[in-house]
Amino acid sequence: MTDKCSILNRICGPSDVKKLDDGQLEALCTEIRKTLVDTVASTGGHLASNLGTVELTVALHKMFNSPEDKIVWDVGHQAYAHKLITGRYSSFSTLRTENGISGFVRPDESEHDSFYEGHAGVSLSQAAGIAAANASKGSKNFAVAVIGDGSFGNGMVYEALNHAGSTKSRLIVILNDNEMSISENVGAMARYLAAFRAKPEYYKFKAGTEKTLRRIPLAGKPLARCLMKIKQNLKNLIYSSSFFEDLGFKYIGPIDGHNIGKLCEAMDSAKMVAAPVVIHINTLKGRGYDFAETSPEKFHGISKFDVNTGEPLSSGGSYSSYFGKTLCAFASKDKRICAITAAMALGTGLEDFSKTYAERFYDVGIAEEHAVTFASGLSAGGMIPVFAVYSTFLQRCADQLIHDGALQRRKTVIAVDRAGFVGEDGETHQGLFDVSMVQSVPNTTVYSPATYNELSKAMYNAFYKDENLVIVRYPRGSMPDAGDFGNTSGADYEIIGNAEAEIAIVTYGRLYFNAVKAIHLLAEKGLNVKIIKLHKIKPLPHGAVEEALKCKKLYFFEEGMRSGGIGEGFASKLLENGYCGTWSLTAVDGEFVSHASVTALMEKYSLSGEKMANKIYDEVMQ
């Protein structure tokens, strides 16, 4: 980091923020925004959401005492400013790089990070738990959940609201409304009352009035109750909704989320209330960087880009974009095909589908569980639904996949994007668990294509050949070049290389390209090795097992978890059929995978072409 940020480089922790005057706080926000843009342009990451929460972050650390007061960031992708003012400014240039700081909050990085976060809708439950623990211990500390309006589409949020509203815990929920999905109160009187209710003086006066009334002999308590009822009815008349207060929360807002003074005032008021509080703020995604303000979805999660133009530094096709184009091609010929996303149309390649076939496109918000069950309903109605979802978010749907998908025996297609290593997003986003999760589920077919052609074939099979629940999984990024070995057929399995070879690599998905490199390297050393390439990984193709039984040595490489994975299942089939050769399985074994480039992760977990070749050569030549 340079020393151009004269205030930011003096902030070692939240206590330093508390020393700043109003003018310095505004200057700090400007410096933070510049640092965010410059850094994310170099490393990639989440930009628009972070630019929108700068003043909020500064106000939080001005008014609360972290880490004694726990700040829980929903998703955690909007906490870059939080990192900058909690002692990580000097290391911020390492954002999302191997051995650098994470793009999400994580407790092993700072005492100011309460949880590992990467999924939406969890902060209210976590903060409610902290608040309950504080109450149990007699602690006066606060639990603060910061959650965006987008996450309010997640059902778990309402479960938490329903429970927490019935308590008297010191829980404060900051509802960061940056898309106006929760309507702003309308009218001059509503705006006036919203501003008035945010002032600490209001709560002091309110508490004093109630206390005085209750002291009046006989009539005091009934009078206080009557006054509060009149106040509530008047407020309900002026405000469009009393949703939060009906659930037991006190409501403050809406507040200008870019006005530090008003934010601090509202937070001070919330701290005086003897009940859970919702502070509703309005912010602008991408604030302070024109390109991000104009196209916040593009800058939600972005790769390295040119600060002056806002354009990505790399471009090209991807599995996601190919999936989207292929789905559009199928949908143009079959009006039953429809698409579902959980607020990820751009990320999953569905942007063109959403425009071309708007009547068959459903964005259900951040509600993956609902999406799967909704797809089952669409299928029951005669449609062919395709739910496109990241592997990491499919984890949320285990019960729905089993009960509402496979058990129902209806045609439902799940397109699993970001399968395998995702690189810089780290532990919360690596797509390593989906295969193990569905391995034991009956009535389920799973494809893991390596090439774009295989992806198209898998989708055709899912629509017109296979029954029940069909999962098609594919990795992040673009298809590597495999030369002549890139022209695969899309059959359930294939033998690549010399079919008579007695040593074989067994693998699937993107690792096929690494395996191709490995057999070339081994050929240069005089070893003849073939590839048993799986396209369908559940159920395992019987022919692939028969081919493996002919080999003396088998090496299985899997970009996923060893426990419950395809490798273990394949090995079981071999044993059942009396295999007498040697077998080796290389996969991720019993750990969460941290952030680093995909290339670095392939090396670390011995899944690169070079590591595959070295392992086989060393063992064969022993």
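Because the structure is a prediction, the values reported are computed rather than measured.
Once rounded to the nearest 0.5 Å, the distance linking CZ of Arg476 with CD of Gln430 reads 9.5 Å. The structure places CG of Leu346 at 10.0 Å from NE2 of His300, a figure rounded to the nearest 0.5 Å. For the atom pair OG of Ser597 and CD of Glu424, the computed distance is 6.0 Å after rounding to the nearest 0.5 Å. One distance of note links CE of Met561 with CZ of Phe433; it measures 4.5 Å at 0.5 Å rounding. With values rounded to the nearest 0.5 angstrom, Asp16 atom CG is found 11.5 Å from Ile7 atom CD1. In this structure, CG on Asp74 lies 10.5 Å from CG on Leu175, to the nearest 0.5 angstrom.
The ring of Phe305 has its center closer than 6.0 angstrom to the ring center of Phe299. Between His595 and His429, the distance from one ring center to the other does not fall under 6.0 angstrom.
Gly103 and Leu95 make their closest contact through CA-CD1, 4.0 Å (heavy atoms, listed as atom of the first residue, atom of the second, distance). Here the closest heavy-atom approach between residue Lys304 and residue Ser42 is recorded as CE-O, 3.1 Å. Across every non-hydrogen atom of Met63 and Asp268, the tightest pair is CE-CB, 3.8 Å. The two residues Cys29 and Val58 have their closest heavy-atom pair at SG-CG2, 3.9 Å. Nearest heavy atoms, Gly153 versus Ala367: O-CB, 3.6 Å. In this structure, Val422 and Gly431 approach most closely via the heavy-atom pair CG1-N, 4.2 Å.
Contact check for Phe115 versus Trp73: no side-chain heavy atoms found under the 4.5 Å cut-off. At a threshold of 4.5 Å between non-hydrogen side-chain atoms, the residues Ser594 and Arg106 count as touching. A heavy-atom distance below 4.5 Å is not found between the side chains of Ile366 and Met156. Contact annotation: the side chain of Arg33 approaches that of Arg287 to within less than 4.5 Å [non-hydrogen atoms, C-beta and beyond]. You'll find the side chain of Asn514 stays beyond 4.5 Å of the side chain of Lys611, heavy atoms only. Side-chain contact check for Glu55 versus Leu263: some heavy-atom pair is nearer than 4.5 Å. Side-chain contact between Val389 and Thr348: absent, with no pair of heavy atoms (C-beta onward) separated by less than 4.5 Å. Tyr80 places none of its side-chain heavy atoms less than 4.5 Å from the side chain of Thr39.
Distance alone, capped at 3.5 Å, is enough to place a donor-acceptor pair between the Asn259 side chain and the Lys262 backbone. A donor-acceptor pair under 3.5 Å links the side-chain atoms of Asn50 to the main chain of His77, judged by distance alone. When atom types are taken as modelled, the side chain of Arg96 and the backbone of Gly44 share a donor-acceptor pair closer than 3.5 angstrom. Distance alone, capped at 3.5 Å, places no donor-acceptor pair between the Glu559 side chain and the Gly420 backbone. Although no hydrogens or angles enter the test, the distance criterion places a donor-acceptor pair under 3.5 Å between the side chain of Thr294 and the main chain of Asp290. Between the side chain of His280 and the main chain of Asp177, no donor-acceptor pair closer than 3.5 Å is present. Here the side chain of Ser136 pairs no donor or acceptor atom with the backbone of Ala133 at under 3.5 angstrom. Panel note: side chain Asp434, backbone Gln395; no donor-acceptor pair is recorded below 3.5 Å. Under a 3.5 Å cut-off, the side chain of Arg510 and the backbone N or O of Phe421 do form a donor-acceptor pair. Side chain of Asp149 to backbone of Asn178: a donor-acceptor contact under 3.5 angstrom is found.
For the pairing with Ile174, the side chain to side chain contact (heavy atoms under 4.5 Å, CB included) check across Thr53, Leu56, Ile255 returns one residue only, Leu56. No option in Ile11, Thr57, Leu60 other than Ile11 meets the side chain to side chain contact (heavy atoms under 4.5 Å, CB included) test with Val17.
Classification of the Tyr251-Phe244 ring pair by plane angle, with boundaries at 30° and 60°, yields parallel. Note on ring orientation: taking the six-membered ring where Trp is involved, the planes of His82 and His61 are parallel (angle under 30°, cut-offs 30° and 60°).
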_side-chain hydrogen bond (donor to acceptor under 3.5 Å, both in side chains) between Thr94 and Ser91, worked out_ = CA-CA 6 Å; Thr94 68; Ser91 59; 4.8 Å; no

*Tell me, with the steps shown, if Val37 and Leu51 meet side chain to side chain contact (heavy atoms under 4.5 Å, CB included).*
CA-CA 8 Å; Val37 173; Leu51 290 171; 4.1 Å; yes

*Stepwise, does the side chain to side chain contact (heavy atoms under 4.5 Å, CB included) test hold for Leu25 with Lys62?*
CA-CA 9 Å; Leu25 290 174; Lys62 179 80 171 176; 4.2 Å; yes

*Can you check side chain to side chain contact (heavy atoms under 4.5 Å, CB included) on Phe104 and Val75, steps first, answer last?*
CA-CA 8 Å; Phe104 297 86; Val75 185; 4.3 Å; yes

*I would like to know whether Asn154 and Arg396 meet side chain to side chain contact (heavy atoms under 4.5 Å, CB included); could you show each step before the answer?*
CA-CA 11 Å; Asn154 187 279; Arg396 320 187 90 178; 3.4 Å; yes

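Within 6.0 Å of CZ in Phe592 there are 12 or fewer heavy atoms belonging to other residues, nucleotides or ligands. Atom CG of Asp21 has more than 12 neighbouring heavy atoms from other residues, nucleotides or ligands inside a 6.0 Å radius. Around the NZ atom of Lys18, the shell of radius 6.0 Å holds more than 12 heavy atoms that belong to other residues, nucleotides or ligands.
Between Asp69 and Lys271 there is no salt bridge, since no side-chain N of the basic residue sits under 4.0 Å from a carboxylate O of the acidic one.
Both tests do not hold together for Lys298 against Phe291: distance to the six-membered ring centre under 6.0 Å, angle to the ring axis within 45°.
Residues Tyr605 and Glu591 have side chains that bring a donor and an acceptor to within less than 3.5 angstrom of each other.
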